[in-house]
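These notes are about the structure you will find just below.
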Amino acid sequence: MANTIVVGAQWGDEAKGKIVDFLAADADIVVRYNGGNNAGHTVVVGGETYKLHLIPCGILYPDTICIIGDGQVVDPGVLVGEMDDLTSRGASIEGLKISLNAHVIMPYHRLLDGLEERRKGGKAIGTTNRGIGPAYADKASRIGIRVAELIDPDRFRARLAENLALKNDILTKVYEVPALSFDDILNEYLGYAEKIRPYVANTNYIVHEGIMAGKDVLFEGAQGTLLDIDYGTYPYVTSSHVVAGGACLGTGVGPMGIDRVIGIGKSYTTRVGAGVFPTEQINKVGEYIREKGHEYGTTTGRARRCGWLDAVALRYTVMVNGLSELALTLLDVLGGLDTLKICRAYICNGEETDKLPGDWEAVNDCTPIYDELPGWTEDISTIRDFDDLPANAKAYVRRVEELIGVPVSIISVGPHREDTIIRD
Ligand code: IMP
């Protein structure tokens, strides 16, 4: 399988969980490199549905080492809940490893996430409210608390005291809400520390030694490229390095250690939260896609905004990630629509362009230009061979390949592991 990065190619929710789960069958190590429990990966195995937010999807293979990487932010209460859920359903978590360097989401991060959003009013990002942005902000400000400190009670007590003094000043004096209790947080978090300590490890060496020993490593990204802190639709982004380069930053592996970069893109586009979305369909087409694709958030339950595939944005994604190929997911959802549209270019400032304008605000003034393709009515969810797809479905996939310049190597036609078409 080689060392492979799996990265979201749109605004997240591209069904990465299913593809990672599928590819993890051949992986020795799966390591997640960014984000926290803002992500939600749904995996269906043997009729059981698992919703994972922090633990890499590979955990459902008992012999795979699954790492929560340095680049993640960990809400330990959520992590312990996920560990308990997996074990109570008979899944083994023996292979779980948690990086000493991952940062810890604290109660004040969650609280501040909501308060900052409220303060922004009409300019709110529409975050998942999980404390992600404030936790990464503390990391960049060099005041964050890492897993290494969480599992050492004396250091944790000291770090909490320092941080809480500052955060309580902000909470009471800026936001005028009650201060948080030191003792409550300390007791709660020391309890989590006890549970996760056996799984904490120096994960950089595990990944590195695995690569040196010729093992197959899968680097699992969360969210999507257009939510990247640098390359996404700033400021309507998440706070981590989502792009393929983030896999190196978030795991301690150099770029030469990577062989393959697979982008995961839906056959259409969705977005949750605020921000530009040129191909959004606030109409019957958008509703059709939302209902047929069950486009409601795994993490927050929010209805996702839906629209046509945007090949201009996808081409950008191919570029900034260096994608070698695309896995096209949810192709079955487009069945039943008479006409399908793919945005091949924009008109910006009166000129046709196949490039993004650079300043995301300017995208608001661009108009998509669409290719129109005929749809198909057949149920394709049981098809396993590309040649057996309806002619119009094949033509749709081929047009996507022409527009983005890389092959579509995997097509997903349903939620289960086996609902997958692999192309040569
Ligand atoms: P945050 O990551 O909670 O700070 O949210 C920032 C933005 O990223 C919001 O628009 C969220 O809806 C979006 N977002 C965060 N995680 C995901 C995800 O896993 N899927 C889709 N959107 C996400």
Side-chain angles (χ1 to χ4, degrees), residues 6-20 32-43 51-57 71-75 78 82 103 105-106 108-120 122-140 144 220-243 246 250 263-266 268-277 280 290 293-307 310 313 317 329-330 360:
V6 170
V7 57
Q10 293 155 325
W11 276 290
D13 309 318
E14 299 95 348
K16 290 182 291 297
K18 177 194 152 162
I19 301 294
V20 170
R32 210 179 114 185
Y33 62 82
N34 75 302
N37 59 314
N38 48 348
H41 290 172
T42 307
V43 186
K51 290 188 193 285
L52 297 167
H53 298 280
L54 279 170
I55 298 179
C57 300
Q72 278 194 257
V73 284
V74 177
D75 187 324
V78 173
E82 223 162 88
H103 278 249
I105 296 182
M106 304 295 297
Y108 45 78
H109 292 138
R110 289 192 298 268
L111 194 54
L112 286 167
D113 197 351
L115 292 166
E116 286 168 10
E117 281 281 272
R118 214 175 312 149
R119 195 178 166 96
K120 287 186 178 125
K123 295 203 164 162
I125 310 285
T127 72
T128 58
N129 222 349
R130 303 296 194 257
I132 306 295
Y136 277 114
D138 277 3
K139 171 177 168 172
E220 176 183 342
Q223 289 84 44
T225 300
L226 301 173
L227 289 171
D228 182 272
I229 183 77
D230 285 315
Y231 299 100
T233 49
Y234 193 88
Y236 297 99
V237 293
T238 190
S239 299
S240 66
H241 298 288
V242 175
V243 291
I264 316 293
K266 275 179 176 161
Y268 45 92
T269 312
T270 63
R271 176 163 202 180
V272 282
V276 289
F277 184 173
E280 183 170 16
R290 185 175 306 113
H294 310 292
E295 293 295 354
Y296 295 89
T298 314
T299 300
T300 58
R302 288 184 288 179
R304 296 179 185 141
R305 300 158 66 194
C306 298
D310 185 342
T317 297
T329 59
L330 294 135
W360 288 105

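Every number for a ligand or one of its atoms is a count from 1 in the order of the listing. Numbers here simply count residues along the sequence, with the first being 1.
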message: I'd like to know if the side chain of Asp228 and the backbone of Val242 have a donor-acceptor N/O pair within less than 3.5 Å.
response: yes
- prompt: Which ligand 1 atoms does Ile125 reach within 4.0 Å, using its non-hydrogen atoms?
  reply: 6 (C), 10 (O)
query: Is the number of heavy atoms from other residues, nucleotides or ligands under 6.0 Å of Arg302 CZ greater than 12?
result: yes
message: To check you understand the geometry: which heavy-atom pair defines the closest contact between Ala39 and Ala222, and what is its length?
response: CB-CB, 3.8 Å
message: Among all protein heavy atoms in this structure, tell me which lies nearest to atom 20 (N) of ligand 1, with the distance rounded to 0.1 Å.
response: Asp13 OD1, 3.0 Å
statement: Value for CG (Asn129) from CG (Leu111), rounded to nearest 0.5 Å, stands at 9.5 Å
- line: Looking only at protein heavy atoms, what sits closest to atom 8 (O) of ligand 1 is Leu227 CD2, 3.6 Å
field: Contact check, Arg302 vs ligand 1, heavy-atom distance below 4.0 Å
entry: yes
Proximity flag Tyr236 to ligand 1, non-hydrogen atoms under 4.0 Å: no
query: Among all protein non-hydrogen atoms, which one is nearest to atom 7 (C) of ligand 1, and what is the separation to 0.1 Å?
result: Val237 O, 3.7 Å
- request: Could you check atom 10 (O) of ligand 1 against the protein and tell me its nearest heavy-atom contact, residue, atom and distance included?
  value: Val272 O, 3.2 Å
Atom 3 (O) of ligand 1: nearest protein contact (heavy atom, Å): Thr128 OG1, 2.6 Å
query: Run the side-chain hydrogen bond (donor to acceptor under 3.5 Å, both in side chains) check on His109 and Asp138 step by step: do they pass?
result: CA-CA 9 Å; His109 292 138; Asp138 277 3; 2.8 Å; yes
statement: For Trp11, the atoms of ligand 1 under 4.0 Å from one of its heavy atoms are 21 (C), 22 (N)
- prompt: Below 3.5 angstrom, do we get any N/O pair linking Asp113 and ligand 1?
  reply: no
- line: Within 4.0 Å of some non-hydrogen atom of Gly273, the atoms of ligand 1 are 10 (O)
message: How close do Ala303 and Arg290 get, counting heavy atoms only, and between which atoms?
response: CB-CD, 4.0 Å
- line: Among non-hydrogen protein atoms, atom 17 (C) of ligand 1 lies closest to Gln223 CG, 3.5 Å
- prompt: Does OH in Tyr296 sit with more than 12 non-hydrogen atoms of other residues, nucleotides or ligands closer than 6.0 Å?
  reply: yes
task: List the closest protein heavy-atom neighbour of atom 2 (O) of ligand 1: residue, atom name, distance to the nearest 0.1 Å.
output: Thr238 OG1, 2.6 Å
- prompt: Among all protein non-hydrogen atoms, which one is nearest to atom 5 (O) of ligand 1, and what is the separation to 0.1 Å?
  reply: Thr127 CA, 3.3 Å
message: Between Arg130 and Asp75, does any NZ, NE, NH1 or NH2 come within less than 4.0 Å of an OD or OE carboxylate oxygen?
response: no
- prompt: Has Phe277 got more than 12 heavy atoms of other residues, nucleotides or ligands less than 6.0 Å from its CZ?
  reply: yes
field: Worked check of side chain to side chain contact (heavy atoms under 4.5 Å, CB included) between Thr270 and Trp11
entry: CA-CA 7 Å; Thr270 63; Trp11 276 290; over 6 Å; no
query: Under a heavy-atom criterion of less than 4.0 Å, does Gly126 contact ligand 1?
result: yes
